[in-house]
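Presented below is the structure to which this report refers.
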Amino acid sequence: MGNAECIARGIYLVGGSGISRSDDATSFVIDFGAELVMIDAGAGDSTEMLLSNMEGAGLNPAGLSLLILTHCHIDHIGSAPAIRDLCGCKIMIHSLDAEAVERGDPIRTAARWYGTDFPPTRMDLKLVGDHLALPYGDETLHCLHTPGHTPGSIVLYLDRDGKRILFGQDIHGPFLAAFGSDMGQWRISMEKLLALDADVLCEGHFGIFQPRERVQAFIRKHLRMNERP
């Protein structure tokens, strides 16, 4: 049996502390019926656990068509090459974070902070611009560019069963010059997230927030914590 947690109909938390390994950021799978989409892929040592957790939720990893990386840090991208090899999926990231992944940059990927390496890994698809809508049947998975933590950070959101579910990985930071962080851009990005009025927030390290009031409170708290001096 896997260790997945059902967040909403057809949406599963399959990785992260307490689900896979403690050094993994959260990883999610969305079941669109004919296709599965994964969001982020842990720090690299939990490939088998991520796939086992999918199977435990009744999901066939062979149905995974796309792995979306929300940004270029190792705790989100580590197992991406192995998952592509095993599942035959494509990998997508924003173009502004693609170079760090494709070069295996130890600083920009934060691999050095984790005491590990990340091999240069080709990306199949690169998001360009502020917004991309991915249609799946009668649903749409939205990819929104939210720079700040890294230049190419993105969030994703999906409307399902009357609720807006936001995958906002690492919207809390941290913010370091070595990552290319930009606090001015980040504040603008957070205002965009508040305007989405999401009912559920799936965050990279702090877990799941719902209902809407808790989502808004989490984002506003971090805006206050990072106010201009």
Side-chain angles (χ1 to χ4, degrees), residues 2-5 12-29 37-56 61 64 66-127 146-156 167-182 186 202-207:
N3 202 27
E5 179 181 329
Y12 300 91
L13 172 64
V14 299
S17 182
I19 301 291
S20 53
R21 291 173 55 93
S22 60
D23 56 354
D24 290 341
T26 50
S27 179
F28 300 89
V29 174
V37 173
M38 177 179 277
I39 300 169
D40 286 341
D45 290 329
S46 56
T47 302
E48 291 184 4
M49 296 180 73
L50 295 175
L51 299 182
S52 174
N53 288 343
M54 289 178 63
E55 291 172 342
L64 188 65
L66 182 63
L67 167 57
I68 301 174
L69 305 178
T70 59
H71 60 288
C72 62
H73 289 164
I74 188 69
D75 50 330
H76 300 260
I77 68 174
S79 286
I83 288 174
R84 177 169 59 191
D85 288 346
L86 292 167
C87 301
C89 63
K90 292 183 177 180
I91 307 176
M92 183 168 72
I93 196 169
H94 196 279
S95 61
L96 293 177
D97 271 18
E99 183 183 6
V101 180
E102 295 192 319
R103 290 178 54 198
D105 186 318
I107 304 299
R108 290 284 304 281
T109 65
R112 184 166 294 174
W113 274 264
Y114 279 71
T116 188
D117 297 308
F118 182 77
T121 300
R122 171 186 54 84
M123 297 290 96
D124 300 294
L125 301 165
K126 298 174 186 178
L127 283 75
T146 51
H149 178 45
T150 69
S153 290
I154 64 168
V155 302
L156 300 105
F167 303 90
Q169 305 285 68
D170 289 21
I171 61 176
H172 62 280
F175 307 101
L176 301 173
F179 293 163
S181 301
D182 186 312
W186 174 78
C202 301
E203 216 274 342
H205 296 275
F206 287 93

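Note that the structure is a prediction, hence the values are computed from the model and not measured. Keep in mind that the numbers below use all heavy atoms, side chains included, and drop hydrogens, waters and symmetry copies.
In this structure, S95 contributes its side chain and L127 its backbone to a donor-acceptor pair below 3.5 Å. Put simply, the side chain of N53 gets close to the backbone of V14: a donor and an acceptor are under 3.5 Å apart. Of the possible polar contacts, none joining the S17 side chain to the S22 backbone as a donor-acceptor pair under 3.5 Å is found. The backbone N or O of E48 sits nowhere less than 3.5 Å from a side-chain atom of S52 that would complete a donor-acceptor pair. No donor-acceptor pair closer than 3.5 Å links the side chain of D75 to the backbone N or O of D23. Side-chain N or O atoms of D117 include none that pairs as donor or acceptor with a backbone N or O of P106 at under 3.5 Å.
Interatomic distance, NZ of K126 versus CD1 of I91, reported as 12.0 Å (0.5 Å rounding). Rounding to the nearest 0.5 Å places CG of L125 at 5.5 Å from NZ of K90. The distance from atom SG of C87 to atom CG of L50, rounded to the nearest 0.5 Å, is 10.0 Å. If you take CH2 on W186 and OG on S153, they are separated by 12.0 Å, rounding to the nearest 0.5 Å.
When side chains are defined from C-beta on, M123 counts as touching V101, because their heavy atoms get closer than 4.5 Å. Looking only at side-chain heavy atoms (C-beta outward), L86 and P61 stay at 4.5 Å or farther from each other. Side-chain contact between T121 and P81 is present, with heavy atoms from C-beta onward closer than 4.5 Å. Considering only heavy atoms from C-beta on, V29 stays 4.5 Å or farther from V37 through its side chain. Between I107 and R112, some side-chain heavy-atom pair lies under the 4.5 Å cut-off. Contact check for M38 versus C89: no side-chain heavy atoms found under the 4.5 Å cut-off. Between T116 and I74 there is a side-chain heavy-atom pair separated by less than 4.5 Å. Side chains of L66 and M92 form a contact here, defined as non-hydrogen atoms less than 4.5 Å apart.
Taking the six-membered ring where tryptophan is involved, the planes of H71 and H76 are tilted, since the angle between them lies from 30° to 60°.
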Start with the C-alpha distance between I83 and L64, add both sets of side-chain angles, then the distance that settles side chain to side chain contact (heavy atoms under 4.5 Å, CB included), and finish with yes or no.
CA-CA 9 Å; I83 288 174; L64 188 65; 3.6 Å; yes
Side chain to side chain contact (heavy atoms under 4.5 Å, CB included) assessment of D170 paired with H205
CA-CA 7 Å; D170 289 21; H205 296 275; 2.8 Å; yes
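For R103, the salt bridge (Lys or Arg N to Asp or Glu O under 4.0 Å) criterion is met by E99, not counting sequence neighbours. Residues passing the salt bridge (Lys or Arg N to Asp or Glu O under 4.0 Å) test with D182, sequence neighbours excluded: none.
In this structure, H172 has its ring center no closer than 6.0 Å to that of H149. Not less than 6.0 angstrom separates the ring centroid of Y12 from the ring centroid of F28. Y114 has its ring centre no less than 6.0 Å from the ring centre of H73.
Applying the ring pair (Phe, Tyr, Trp, His ring centres under 6.0 Å) test to pairs two or more places apart or on separate chains, those with a residue in residues 80-102 are H94-H145.
The only option from I39, T70, L69 that meets the side-chain contact (heavy atoms from CB on, under 4.5 Å) definition with I154 turns out to be T70.
The minimum heavy-atom distance between A178 and W113, with the atom names listed, is CB-CH2, 4.0 Å. Across every non-hydrogen atom of E102 and P120, the tightest pair is O-CB, 3.1 Å. In terms of heavy atoms, A41 sits closest to A80 at CB-N, 3.8 Å. Between F179 and P151, the shortest heavy-atom distance links the atoms O-CD, 3.4 Å.
For the residue pair T26 and E203, no side-chain donor N or O sits within less than 3.5 Å of a side-chain acceptor on the partner. Side-chain contact of S20 with D24: a donor-acceptor pair under 3.5 Å is present, judged by distance alone. Side chain to side chain, D97 and T150 meet the donor-acceptor criterion of an N or O pair below 3.5 Å.
Other residues, nucleotides and ligands contribute more than 12 heavy atoms inside 6.0 Å of the CG atom of D124.
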